[in-house]
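The structure appears right after this line, and notes come after that.
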Number of protein chains: 2
Amino acid sequence: MPDEPVTGPEATRQSLIESGLRLFGSKGFSATSTREIAGEAKANVASIAYHFGSKDGLRKAIADTIAATMRGVIDGAFAERFVLPEGDAPTRREAAKAAIATVIDRMARFLLASPMGALFPRFILREMTEQSAAFDALYGGVFEPVHKKLCALFAEATGVEAESEETRLTVFALIGPLLYFRIGAPAVQRRMGWTGYGPAEARKISTTVSRLVAARLDQKDKTS
Amino acid sequence: MPDEPVTGPEATRQSLIESGLRLFGSKGFSATSTREIAGEAKANVASIAYHFGSKDGLRKAIADTIAATMRGVIDGAFAERFVLPEGDAPTRREAAKAAIATVIDRMARFLLASPMGALFPRFILREMTEQSAAFDALYGGVFEPVHKKLCALFAEATGVEAESEETRLTVFALIGPLLYFRIGAPAVQRRMGWTGYGPAEARKISTTVSRLVAARLDQKDKTS
DNA sequence: GTCTATAAACAGATAGAC
DNA sequence: GTCTATCTGTTTATAGAC
């Protein structure tokens, strides 16, 4: 991705996407007027129709931006650890556990302590509940590949089958807390007496979730 | 609550609340027109202004209905198990663990397998991200009391301090998966190849989450 | 490419008959 | 209480000057 110029048509485009991401995510698509977006982006109302064809075109452009950015972040996190060492089963198992811990920690830091981490899930959530076309692209391009990779790691770490129903559900249960801390942030922060998530809060949450994940990975098998 | 009549002003009122709950939750407040609500409720457009004063008045009435209903459901779940037996520490600890398991299971069945369980969180989530006044009532009336009770049970079950920062965060992490299975249902269902949540799916999810919670409750203490 | 001005549709709220 | 008809404001999209 080339650096964006600080002025010119591409800067207007980027500015509209950023404002739209923030406003659509916090107020909702219909609740946000194009005048408001243009105002916050310091652009003209007509520029939305010019650059994206329509208000809905802007929505699609935002979804594409999210998909591209998240693929970059996640591929980076996996590349760091996803190649498991050759060797005996216990060695591979411990490596897989460490890899899961790394990915969870990277996801926690992105979701809780980066600016985009706060904006992306809110936008995605709205697209998901509205069953919009933008969500299909996000699911296939980001969500499913990540979940499959985590299932493979979980299988390595515990010896179960990667694509079994139980494994897929368990992986959802393991990433659930992380996403909930982001999605339910207003409730969490009120209960914790926090005014927002900073690096310190992100670290505490990451530690809490890591302990939970570790407990499940170390759980003795039982047919409950 | 008296049974609603099938006709008359109270039936119109209830019908408008139900349609508003469904439409506000799925499309968002601003995206839903009063004409659409009235149409689905088989009522007249002007009846919204008559019964609730305004579109925003209907929003508040829905929030009140949710708060009252959820208080009933949750108080019932806690009443069943919340009184811990007198006795030695191990006995109380096991009772507390059983109580947590019961509450988690009741919450899972309500969230995943009841009609309201699908509608309430969607509406609440929108009110939360829009920082509306309706959310304040839901937080104070439902969310915080439930979280505090779970913290107290967790403290009994593990011996930690109930209101410590770590305990509060851990309880969020434990209920996170449950809420995520509901909030992220479209993504979960697509990955699982399910067309929706029925009793069988709710049971599988409840089992998965229960195993995770049990793993954390049985975790050996370590200073990680 | 960016702007102003405007068109055409739609929103929520209300007045008044019944 | 419920209806029809209408008022008033706002929305998105577009036409055309620059």
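Here is the naming used below: chain letters follow the sequence lines, and residue numbers restart at 1 for every chain.
Within 4.0 Å of B/Ser33, counting heavy atoms only, lie sugar-phosphate atoms of the nucleic acid but no base atom. Counting non-hydrogen atoms under 4.0 angstrom, A/Ser30 reaches nothing in the nucleic acid.
Rounded to whole Å, atom C1' of C/dG1 lies 14 Å from atom CZ of A/Arg13. Atom CG of B/Leu16 is separated from atom C1' of D/dC3 by 14 Å (rounded to the nearest Å). Straight-line distance from the CD1 atom of A/Ile48 to the P atom of C/dT4: 14 Å, rounded to whole Å. In this structure, the CZ atom of B/Arg35 is 15 Å from the P atom of C/dA9, given to the nearest Å. For the pair B/Phe52 CZ and C/dG12 C1', the computed distance is 16 Å after rounding to whole Å. Computed from coordinates, the A/Lys55 NZ to D/dT10 P distance equals 16 Å when rounded to whole Å. Per the geometry, CZ belonging to B/Phe24 stands 9 Å off P belonging to C/dG12, to the nearest Å. At whole-Å resolution of the value, OH in A/Tyr50 and P in D/dA13 are 17 Å apart.
Ion pairing between B/Lys55 and B/Glu36 fails under the 4.0 Å rule for side-chain N and carboxylate O. A salt bridge between B/Arg190 and A/Glu144 is absent, with no side-chain N of the basic residue lying under 4.0 Å from a carboxylate O of the acidic one.
In this structure, the side chain of A/Thr167 does not engage the main chain of A/Glu163 through any donor-acceptor pair within 3.5 Å. Side chain of A/Ser210 to main chain of A/Ser206: a donor-acceptor pair is present (N/O by atom type, distance under 3.5 Å, no hydrogens or angles).
Put simply, B/Thr34 has a side-chain N or O that comes within less than 4.0 Å of OP1 or OP2 on C/dG12.
Of the candidate nucleotides C/dG12, D/dA13, D/dT2, D/dT2 has the atom nearest to the side chain of B/Thr12. The side chain of B/Asn44 lies closest to D/dT4 when the candidates are C/dG1, D/dT4, D/dT6. Comparing D/dA15, C/dG1, C/dA13 by their closest approach to the side chain of A/Ala46 singles out D/dA15.
A cation-pi contact links A/Arg59 to A/Phe29, judged by a cut-off of 6.0 Å to the six-membered ring centre and 45° from its axis.
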